[in-house]
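Take a look at the structure below.
Here the structure is a predicted model, which means the values were calculated and not measured.
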Amino acid sequence: MKMSEIRNHFKKWIYWFLFGVAIIIVYKALDNFGDVVDVIGKFFGIISPFFVGIFIAYLLYIPCKKMEEIYIKSKRKLIKKNARGMSIISVYFIVAILIVILVSVILPVVIESIKDLVNNIQGYFEIAINNYNNLPSDSMLKGDWAQDVITNIQNINIKQYFNLDKIVQYAIGAVNAVTSIFDIFVAVIVSVYILSERDEILGFLKKFACAIFKDRTYKNIDKYFNNSNEIFFKFIASQFLDAIVVGILVTIAMTIMGIKYAPLLGFFIGLFNMIPYVGAIIAVAISAVITLITGGLTQAIWMLIVVIILQQIDANIINPKIVGQSLKVSPLLVIFAITVGGAYFGMLGMFLAVPVSAVVRILVEDYVDFKLAEKIKKKETEIESSKSY
């Protein structure tokens, strides 16, 4: 037997041996699927601070970059030399101040409003039902459907579903599960290192992609990575800033109008405003119901008018200024993406549905353009070939 035949024979045995080992591993994994899931879950739980750190670095990348550019323009050599480190320290200092303001000023007011609403909501319902019963018998609001709704509401124990103690316990449990002090510390340290060494990290990733993929594939990866990054950061940063502006404006307007739970409703509307189209409608509708129950029909109508005006000002003036340019995604596609994202991934899915759909739209459009170009080129080649005959 020749040496080449021996090598081929040996390669076949190695191939079948590895194939058999792979089958055994897959079988064992499926046979002990619960244990495998537990191991994988534990592993991702351990490295979750690194993912959190990457996400923090991603959010703070542009602010750090802008701050670094300011420090680089400084005439002092020491500041210029340490521009990156000083920019990171400055941004984290600003973030720390904002967190302190949120925890010490805004959250206590919101929590107090929630507590008061939960404790008194049954009484508000009773007042609303009494007002309904006092309506004239020929009122259009007095129908069988309305009576059925009221009967169902009366049978609901509101405090059972909105028990503040339970809500606090669930929130504390969720926070403790994913954000221990050590995890937060690790995440912050990881984000600092990523921000300080971002050029080296991005350079290595580009070099690695260039070495692994073909030139055309690498160019496409680089193109779509840059486009996706721009879309996601622009959307997240702009929507977050816009939510703060809307929340503040709505809270001020409601406070002036004397609406009860103004800080809570303003915070709620601002938070849901981060979900395009659908979020604002849901938040305003729920706020209108709460205002109707706590302040009556007239106050609810005025609240709706004022908030809708503020929403229009935001949609036509404030939001375009903050976002800069639109993501150019059809409202129909946005609603579809939000529905699917919310069904599978909850609030996070609803929030990220828009930038994801924008990226998918770019991919689909480029693919369609590529296929059309191929088709046109093929037709031109066929025409040229027929002419030559």
Side-chain angles (χ1 to χ4, degrees), residues 56 59-60 62-63 94-118 162 164 167-168 171 175 233-295 299-324 326-327 334 338 342 346-355:
I56 293 171
L59 291 179
L60 300 182
I62 296 296
I94 294 169
V95 170
I97 291 174
L98 292 175
I99 291 173
V100 169
I101 293 172
L102 177 67
V103 172
S104 61
V105 179
I106 299 173
L107 279 183
V109 177
V110 172
I111 291 171
E112 190 63 34
S113 297
I114 294 172
K115 189 187 296 183
D116 188 72
L117 177 62
V118 170
F162 295 96
L164 186 64
I167 293 172
V168 171
V175 169
F233 186 84
K234 182 179 292 183
F235 178 80
I236 292 171
S238 61
Q239 290 300 109
F240 181 71
L241 184 58
D242 185 61
I244 293 173
V245 173
V246 170
I248 292 171
L249 290 176
V250 171
T251 301
I252 293 171
M254 286 186 173
T255 304
I256 293 171
M257 294 169 65
I259 294 174
K260 201 166 186 180
Y261 311 121
L264 173 62
L265 298 181
F267 178 82
F268 180 67
I269 291 173
L271 182 66
F272 268 72
N273 203 65
M274 296 177 74
I275 302 171
Y277 300 108
V278 180
I281 295 171
I282 294 171
V284 172
I286 293 173
S287 299
V289 171
I290 293 173
T291 306
L292 176 65
I293 294 169
T294 58
Q299 195 176 57
I301 292 171
W302 277 109
M303 187 278 293
L304 277 173
I305 293 171
V306 172
V307 171
I308 289 171
I309 291 171
L310 289 175
Q311 289 282 0
Q312 290 302 310
I313 293 172
D314 171 65
N316 294 290
I317 300 173
I318 299 172
N319 193 275
K321 290 288 184 182
I322 294 173
V323 176
S326 173
L327 294 178
V334 169
I338 288 171
M347 281 292 295
L348 183 63
M350 293 177 73
F351 175 63
L352 295 178
V354 178

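- Residue pairs meeting the salt bridge (charged side-chain N to carboxylate O under 4.0 Å, His left out) criterion with at least one partner in residues 246-271, sequence neighbours excluded, are Asp116-Lys260.
- Screening residues 248-259 for salt bridge (charged side-chain N to carboxylate O under 4.0 Å, His left out) gives no qualifying pairs among residues at least two apart or on separate chains.
- To the nearest 0.5 Å, atoms CE (Met303) and CD1 (Ile308) are separated by 8.5 Å.
- Here the shortest heavy-atom pairing between Gly270 and Val246 reads CA-CG1, 4.5 Å.
- Atom OG1 of residue Thr294 and atom CD1 of residue Ile259 lie 8.0 Å apart, to the nearest 0.5 angstrom.
- Atom CD1 of Ile269 and atom CD1 of Ile282 lie 12.5 Å apart (nearest 0.5 Å).
- The line from CD1 of Ile94 to CD1 of Ile99 is 12.0 Å long, rounded to the nearest 0.5 Å.
- For the pair Met254 and Gly266, the tightest heavy-atom approach, listed with the atom from each and the gap, is SD-N, 4.4 Å.
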Hey, can you pull the donor-acceptor pairs under 3.5 Å for the side chains in residues 284-293, sequence neighbours left out?
residue : atom : partner : partner atom : Å
Ser287  : OG   : Ala283  : O            : 2.8
Thr291  : OG1  : Ser287  : O            : 2.7

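- Residues that satisfy the side chain to side chain contact (heavy atoms under 4.5 Å, CB included) test with Ile101, not counting sequence neighbours, are Ile97, Val105.
- For residues 96-106, no residue pair satisfies the side-chain hydrogen bond (donor to acceptor under 3.5 Å, both in side chains) rule, not counting sequence neighbours.
- Rounded to the nearest 0.5 angstrom, Gln311 CD and Ile281 CD1 are separated by 9.5 Å.
- Heavy-atom minimum distance, Ala253 versus Leu310: CB-CD1, 3.9 Å.
- Remark: Leu271 CG to Ile244 CD1 distance equals 11.0 Å, nearest 0.5 Å.
- With sequence neighbours excluded, the residues forming a ring pair (Phe, Tyr, Trp, His ring centres under 6.0 Å) with Phe268 are Phe272, listed by chain and number.
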